[in-house]
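Owing to the predicted nature of the structure, the values given are computational and were not obtained by experimental measurement.
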Amino acid sequence: MVATPSLSVVDYVILSVHFAACLFVGFFFARGQNTNAKYFLGGRQVQGWAIAISLISGISSGISYLGIPAYTFVDGIGFLFSAASYIVACSVAAWIVVPFFHSLGLYTAYQYLELRFNKVVRTIAACIFITRVVLYLAIVLTAPAIVLDTLTSLPTWAAILVSGVLATAYTVKGGIMAVVWTDFLQSVVMIGFAIVAVVMATARIDGGFSGVSHALHNASRLVNIEFLRPHFLEESGTQNESLWSMVIGLGFLSLGQLATDQIAVQRYLTASSVAACRRSVYLNGLVQGIFTLLLCYLGMALFAFYYQSNVDPLASGAISNKDAILPYFALTKLPEGLAGLLIAAILGSSMSVFAGGINAAATSLYVDILQNVWRVNPAKSLFYTRVASIALSIVSISIAFAAAQKTGLVQMGIIVTAVSSPLLGVFLLGILVERSNTPGAIIGLISGLVAVVWVAVGSLVCGSECDGAASPGRLSNFWLATAGCLTTVIMGGLASLFFPELPPEFLVGLTYRTRAHAQIHAYRIRMSERATDSGEEEVQALIQ
């Protein structure tokens, strides 16, 4: 591995300016966040374009920023086609799922599950989400740790601790408004450096873009007929990604992130209207797809550069972790100052998504569990939420110390994110299958969760070396989210047939067919909370 190099004065200036700007933005928008509506939803006044751009760093973070170029550098261009998965995901999210949440006037996505089923389903879903976020954010913190461990002499544990503590500080202070606008700034920096790195890397390759293509062709890194096979199972020494797994398999993964993950849904709920909410979903899908293509090409360009130079940083021992290929290139080949910009992009984005994740998890913990189950004093809602943020941060940082010992950020990110795929399944079950009921939803949710955990644990323990086609770990990670979602829908739908059907009037405004009545249903909720007879009369008038 390269000897602990030092950053230049220009690098440190860029890094300092970036963090100063982030802190300024975070604390600037933290002003006046003294009510639930403002702290959780920003008063529903955030513009759709800001929501869409902020989700670049809010979802991708340093995991994608380091992992996608590294995956493409080592495994070829197959991941390039995953950009199409966002087309599938944003279409379903924008027209089937997300409008329900906004029309019903919810604080969290999981409130819908209580309206459609009952409190037990909502509580189980919230617990799954919170657990998944704590694990996911632990991986998010490993990205800057890897960068700093590669570029400086700062220990990995110190990078994790500093990043987590700083992110927690402005999360507790600022609420969703600080998170959205800080993420917006981080996203701009991430995209900006990626563009600069692509241009600089391509300029150093003989033949430019054609040189990249020739290098990939000569090294047999382009897709072949095998790429058209589904490849459902992991097989040692063979190509495990395919066109189908990239578009459909990762499409389910992306849909879960965009449509039912509180990290994204909480930002959609800050939009001023359903139309603005829908536009933000489409715009985010478009930008995420383009950003994925950009990162994939960056990995291709890095491969071509080192291929023409007859140097393999991994084989030569210059780096021991494939996820360090981008920072290694920035440090050794790019002009002074760009290494500092890379650190700013990755450190800042990882801190930002950590802040957004903790904010979303703490919101769900308070709204879906503390307030809904334990009935804590609502006058202390912000106090409980801030305490929850600190507690969840401590747990996530602790887990990050162990996650930092692993390699392969893309694969780890896919596995952990796929754990929430049963949540997508139970939402689709409630929205699309009117015959579904509470017992069926619980059975489906538990079945999907067991299936995903079984395969995910097996993948981490033994991977493709597991014996037998049905052994844990044999299912390709790219199909994990699809399996979890479909298992939940199928098992939930079948189980529902053995229990009484819900009355039609109970489903008004809560299924895709009755979605036009969602606002009436939301009005009924508000009136029932106020316990006024006149409110119900107004609802009946609206229905008539």
**Message:** Can you confirm whether the side chains of Trp95 and Tyr282 place a donor and an acceptor under 3.5 Å from each other?
**Reply:** yes
**Expected output: side-chain Gln288 to main-chain Tyr86 donor-acceptor under 3.5 Å** = no
**Distance-minimising heavy-atom pair for Val212 and Tyr297** = CG2-OH, 3.6 Å
**Which atom of Ser393 lies closest to which atom of Thr168, heavy atoms considered** = OG-OG1, 2.9 Å
**Exam field: side chain Ser309 to backbone Phe305, donor-acceptor pair closer than 3.5 Å** = yes
**Message:** To check you understand the geometry: which heavy-atom pair defines the closest contact between Val25 and Thr182, and what is its length?
**Reply:** CG1-N, 3.8 Å
**Request:** List the atom of Arg278, the atom of Ala94, and the distance in Å for their closest heavy-atom pair.
**Result:** NE-O, 2.8 Å
**Asked** Under 4.5 Å between any side-chain heavy atoms of Ile325 and Val74, yes or no?
**Response** no
**Message:** Check the orientation of Phe329 and Tyr306. Use parallel for under 30°, tilted for 30 to 60°, and perpendicular for over 60°.
**Reply:** perpendicular
**Request:** Determine the minimum heavy-atom distance between Leu255 and Ala93, stating which atoms define it.
**Result:** CD1-N, 3.8 Å
**Prompt:** What heavy-atom pair brings Phe193 and Leu334 nearest, and what distance separates the two atoms?
**Reply:** CZ-CD1, 4.1 Å
**Main-chain N/O of Ala109 paired to Gln262 side chain as donor or acceptor, under 3.5 Å** = yes
**Message:** Under a 3.5 Å distance rule, please check whether Thr487 uses its side chain to pair with a backbone N or O of Gly448 as donor and acceptor.
**Reply:** no
**Message:** For a 4.5 angstrom cut-off between non-hydrogen side-chain atoms, does Cys22 reach Leu185?
**Reply:** yes
